[in-house]
Amino acid sequence: MHAVQPGSDGGVSDIVSGMTKILEGVRILEVAEHTFVPAASAALADLGAEVIKIEHFERGDAMRGLVMSGIADIPDEVHALLEHSNRGKQSIGLDLAKPDGLKILYKLAETCDVFLTNKLPRVRRKLRIDLDDIRAHNPDIIYVRGSGQGERGPDADKGSYDSLAYWARAGVAMGAKPAESKTVPAPPAPAFGDSIGAMTIAGGIMGALFHRERTGEATEVDVSLFGTGLWSMGAAMALSLALGTPWVAPPATRVGRNPLVNNYVTSDGQWIALTCLQAGKYWAETCEVVGRAEFGRDPRFADADQLISNSAEAVAMLEEAFAEATLATWLERLESYSGQWAVVQDTLQASEDPQALANGYIQSAQTASGLPFRLVAVPVQYDGEAPGTARAPEFNEHGDAILESLGFDWEQIIDLKVRNVVV
């Protein structure tokens, strides 16, 4: 028997109803906190999976108590970070340290397709939620672990954050650090590596579900922040290993660089990014567009090699030209330009980008009190439809319904509450 899926008042937006729920019928049991692992099941919830979130009996997910991201305060009305990583789930507060609490977890595991956790090995053993413990009650369950550094090795039992295992340890920070900078840059956003890692977990779960469907074999799935960071740096890592040289960001110098792979500021302080890898092919057209046609005929820039050799002069010309007009003007001038370019946007600009709106990349939801807010949609679409989203559950919002679905009557539920097994 399955727990009741939340209706429109339980967080599932009406917009979800028209989409292809590719994971409808899949049930996920989550014992996890923060962002990295919970965001994986949140993504799968948007794609139709039913997710039951086991929360700490007293405080809930530790994310509920977070009042600032380290970069910005979190609004009181909408806990944006919690919503990002817990959309569309059901919540039950359960004391896993009590035998009866653990029995409830096991009963839930019997009904689920996937067990998902970010607990460290020693904690899993202590709580008796390790692979063998869960498989004893459901041998067909897919067991998924998200970790900081991986399941093996000297640091397997050490916790971490994406700013450490993904950003610092995997070479991402050094890859983002300008050569001339004396400081290491911070991640560009809260839960940056967490969100990328979450999609990696989500993909791993979908692959495991497909494998089980084809073979009947339930697998273990492991994804770490460190491993995800290494994969994100995979191309640079391949070059580093081939050349025996650590990867670092290129210097800001104009010498010896393609002038059509650069960012240029407009008269109103906005930025335009050019990434035309075939410099010789696009140079003359670029000069026409920016009103410097004579530079397209200049022998100093006759071909790609000459452009690179004289890149400082070419960049200086483009800097001067782009600084003469506003972004709005450049959007008009570049409309028919055949080279590759984009506006360098902040998060609010990106949320209103015509492409983001046309493709449904930003979706709307409402808090339990009816306050509207918006979230980035899962970046996977089926049958040409954007996946909808939903709000995160209130702490223990679905506890009673989940227990009833397991066969507990009201008298038994009251007894569990009195003994502080459930909230």
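Please read these numbers as outputs of a predicted model, since none were measured by experiment. Computed from heavy atoms alone, side chains included, the values below leave out hydrogens, waters and symmetry copies.
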Glu33 and side chain to side chain donor-acceptor pair (under 3.5 Å): which single residue from Arg64, Lys53, Lys119 fits? Lys119
Check whether any side-chain N or O of [X] sits under 3.5 Å from a backbone N or O of [Y] as a donor-acceptor pair, and report yes or no.
X      : Y      : value
Lys89  : Pro38  : yes
Arg27  : Ala49  : no
Asp61  : His34  : yes
Asn310 : Arg300 : yes
Ser160 : Leu164 : no

For Thr389, run the side chain to side chain contact (heavy atoms under 4.5 Å, CB included) check against Arg87, Arg374, His84 and tell me which one passes.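 Looking at Arg87, Arg374, His84, the match for Thr389 under the side chain to side chain contact (heavy atoms under 4.5 Å, CB included) is Arg87.
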Atom of Lys107, atom of Phe408 and distance for their closest heavy-atom approach: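 Nearest pair, atom of Lys107 first, then Phe408: CE-CE1, 4.1 Å.
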Closest non-hydrogen atom pair between Ala314 and Trp283, with its separation: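 Shortest heavy-atom contact: CB-CH2, 3.6 Å.
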Can [X] and [Y] be counted as an ion pair, charged N to O under 4.0 angstrom?
X      : Y      : result
Glu385 : Lys21  : no
Arg391 : Glu397 : yes
Asp155 : Arg169 : yes

The criterion is ring-ring contact (aromatic ring centres under 6.0 Å, His included); which residues satisfy it with [X], sequence neighbours excluded?
X      : answer
Tyr143 : Phe115
Phe322 : Tyr264, Trp330
His56  : none
Phe373 : none

Side-chain donor-acceptor contact under 3.5 Å, [X] with [Y]:
X      : Y      : result
Ser224 : Gln149 : no
Gln340 : Tyr282 : yes
Ser41  : Glu30  : yes
Ser338 : Glu285 : yes
Thr286 : Tyr337 : yes

Partners passing salt bridge (Lys or Arg N to Asp or Glu O under 4.0 Å) against [X] (at least two apart in sequence or in another chain):
X      : result
Arg152 : none
Glu324 : Arg292
Asp400 : Lys417
Arg212 : Asp113

Name all pairs fulfilling the side-chain hydrogen bond (donor to acceptor under 3.5 Å, both in side chains) condition that reach into residues 227-252, sequence neighbours left out, sorted by first residue then second. Tyr166-Ser232
For Glu294, does the CD atom have more than 12 heavy-atom neighbours from other residues, nucleotides or ligands under 6.0 Å away?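 Yes, because the 6.0 Å sphere around CD of Glu294 holds more than 12 heavy atoms from other groups.
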Around atom CG of Asp132, are there more than 12 heavy atoms from other residues, nucleotides or ligands closer than 6.0 Å? no
Not counting sequence neighbours, which residues clear side-chain hydrogen bond (donor to acceptor under 3.5 Å, both in side chains) with Asp353? List them please. Gln345
Can you name the residues that form a side-chain hydrogen bond (donor to acceptor under 3.5 Å, both in side chains) with Asn138, not counting sequence neighbours?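 For Asn138 there are no side-chain hydrogen bond (donor to acceptor under 3.5 Å, both in side chains) partners, ignoring immediate neighbours.
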Among pairs that include at least one residue of residues 173-219, which meet ring pair (Phe, Tyr, Trp, His ring centres under 6.0 Å), considering only residues two or more places apart or in two chains? none
